[in-house]
Every structure is written in structure tokens, then in C-alpha cells.
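Here the structure is laid out as C-alpha cells; the discussion comes afterwards.
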Amino acid sequence: MFYKKNLLLTALVSLVLSAISSSVFAAEVNVYSARKEALIKPLIEQFSEQTGIHVNLITGKADALLKRIESEGRNTHADVLITTDAGRLYRAKSAGVLTRIQSDTLNRAIPDNFRDPEGYWYGLSVRARPVFYVKGLVDPEELSTYESLAENQFKKRICIRSSNNIYNQSLVASMLAVNGKEKTQQWANDFVKNLAIKPKGGDRDQIKAAAAGQCDIAIANTYYFGKMLTSKKSNQKQAAAAMAIFWPNQNDRGTHVNISGAAVTKFGKNKANAQKLIEFLSSKESQRWYADVNFEYPVRRDVPPSDLLMSWGEFKADSINLNQLGVNNTEAVKIMDRAGWR
Ligand code: FE
């Protein structure tokens with residue numbers, strides 16, 4: 001009996017000791033990232049060097065990571081969630097797995113429209129989703145707005161990926177915010193008639209299809225264009241070189257933009273370190289690298305974009321709060337479905 005008690009005591013003491021040591025000594029933060037490892041690892045290493053906080057990085061698809069956080073519940077290993085679309089950060093917030101961040105540093109660094117109004121997530125880099133056209137084949141004078149792409153003159157001339165892609169859902173969500181349900185439904189019904197081919201592949205495939213003569217106009221995120229222009233693969237490089245960017249809606253709300261951003265999980269055990277990491281990624285020093293490595297725009301206004309992005313010209317970006325993209329997501333998906341956008 002005495003022996004048993006003693007054993008129990010020893011177990012208890014070691015448990016308490018390990019709890020103390022893990023909370024006091026083991027400075028760490030666990031990141032679930034939908035942003036690819038190569039696009040974040042070097043900065044994370046710099047963060048660890050500067051702060052002594054060890055970062056464990058798990059990368060994967062955003063929806064899978066979110067599911068994992070949800071199923072791990074209170075025992076989640078994730079402290080930080082990084083996604084490449086505001087719509088998914090909104091999903092995470094709605095799923096109840098995030099906690100509010102209170103940080104003057106982040107509020108000062110990141111413009112209002114690129115962060116959750118309640119502080120549940122923050123944008124860290126910006127991507128635009130403009131129109132690309134085949135040089136020499138399309139007169140940019142023909143182009144004006146996303147809305148105009150539903151007009152008859154663009155019949156069977158447009159390439160765009162499937163409606164189950166969140167980038168397109170967010171684009172339609174942004175249109176819903178300004179044009180309302182009825183107009184957006186009508187737009188989608190007509191826009192679908194203007195698709196040259198059945199939606200397939202990713203954004204790069206749309207640019208490739210246009211360069212190959214399958215359509216005149218493609219819609220894609222800017223960083224894919226940057227990656228293609230600088231690609232070692234000659235087919236990608238050539239396809240991109242055949243295209244030019246047109247910034248739509250410059251006379252009204254501006255071109256649709258989205259963010260890659262981060263949030264702190266509700267049940268993570270290292271909240272302070274999680275916030276420190278996000279603040280580090282938002283710093284002036286980090287911002288340029290974080291954006292450049294994926295051909296994105298820095299989220300901070302006081303950090304200029306890379307030369308390549310500058311060469312595409314300045315543009316007016318839609319200033320809608322990106323939280324709206326999440327709010328309108330369900331309706332946007334319904335509209336696209338009803339329009340027969342595959
Ligand atoms: Fe992407």
C-alpha cells in the first residue's frame with residue numbers, strides 16, 4: 001500500500017514538473033499553414049532565431065487543416081492557422097475555433113479592410129484577381145469591369161476555373177456586396193454563356209488556354225502570372241508573355257483583391273507566442289519577403305511591392321472589408337450553381 005502511494009506521488013510530482021517546464025521553459029508555437037512551406041519557412045526560422053521560440057510547421061490544404069483543428073477540439077496542436085483566402089478565415093471564425101487577437105501592433109500595421117472587424121484574423125499579403133487578355137488579339141479598350149464580361153461581345157471568349165474554387169466564390173461575393181442578389185444572378189447567368197471552354201484546372205491553366213488560342217480573356221490571381229513569367233518551364237513563361245493585365249473597375253469600386261492571412265486558435269496552448277509570430281510576419285522587415293516570395297503585394301501600405309509587380313502598373317483595389325467575402329460566400333455559391341457555372 002505504502003509503495004503504491006509512493007508511486008502515485010512520484011507520478012504526480014513528475015506530472016506537475018513537466019507541466020511547469022512545458023509552460024515556462026518550452027517556448028514554442030505550432031502553425032497549421034495552407035501557405036506552402038517554401039513560402040514561409042525562411043521567415044519562421046528568422047523568427048525563431050530572434051525570439052528563441054521554436055516553431056512547428058504543418059502544411060496542408062486549408063479545409064483539411066480547418067477540419068483537423070475542429071476535430072482536435074480542446075486538444076488542438078495548432079496555435080496559428082494560416083490560409084490563402086479571407087473566405088476560409090471567415091469559415092474558421094464561424095466554426096468557433098479562433099480567438100480574438102488584441103494587438104495595437106497589428107491594428108497599426110494592417111489596413112482595416114484586410115483584417116476581421118472583430119480581430120479574429122489578419123491579412124498578411126495581398127493578391128489581386130484581374131483580367132488577363134491576349135496581347136494583339138484584344139483591344140484593352142474593349143475591357144472595363146467584371147460586370148461587363150457578361151455582355152454579348154464576350155460570347156465564348158472567356159476562360160475561368162470552376163465555381164467550387166474559393167477565389168471565384170470570393171470574387172462573386174464581392175460583386176454581391178455592391179450589386180445585390182438579383183443583379184449578380186443575372187450577371188452570372190450571362191457570364192457563363194461567355195465561357196469559351198468548360199471550367200477546368202487552376203488559374204495558370206486559364207492563362208495557358210488563352211495563350212493557346214482557346215479564349216481571348218482569362219481571370220486569374222496576380223501571383224500565378226508572376227510565377228509563370230519567371231518560371232523555368234518555357235511553356236509557362238511563353239504563355240504568360242503572350243498576355244497582359246487589365247485592371248477592371250478602375251472607375252468604380254476597384255479590382256477585386258484577397259489576402260493570405262493568419263489567425264490564433266481558440267484552444268491553442270501558446271497564444272502569446274502565436275500573436276508574436278503574426279506580429280513578426282506583419283513587420284516592415286518581414287513584409288517585403290513574405291509578399292515577394294509568392295509574387296504578392298505587401299499588406300502594409302508603407303512597404304512597396306517588388307519591381308515586377310510595380311511593372312504591372314498601379315491600380316485601384318476594391319476596399320470592401322474582406323470579411324464580407326465570407327459573409328456572402330453561401331449566397332455566391334448558390335448564384336453560381338443556379339447559373340450552371342461548373
Ligand atoms: Fe492560389
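In what follows, residues are counted from 1 in the order of the sequence shown. Whatever order the structure lists ligands and atoms in, that order sets their numbers, starting from 1.
For the pair Y90 and W121, the tightest heavy-atom approach, listed with the atom from each and the gap, is N-NE1, 4.1 Å.
Taking the six-membered ring for Trp, F225 and F132 have ring centres closer than 6.0 Å. Y297 and F315 have their aromatic ring centers within a separation under 6.0 angstrom. The distance between the ring centers of F47 and F280 falls below 6.0 angstrom. The aromatic ring centres of F191 and W341 sit less than 6.0 Å apart.
Taking distances strictly below 2.8 Å, the protein N/O/S atoms close to the Fe ion (ligand 1) are Y167 OH, Y223 OH, Y224 OH.
Between K271 and D79, none of the side-chain N atoms (NZ, or NE/NH1/NH2) sits under 4.0 Å from a carboxylate O, so this pair counts as no salt bridge.
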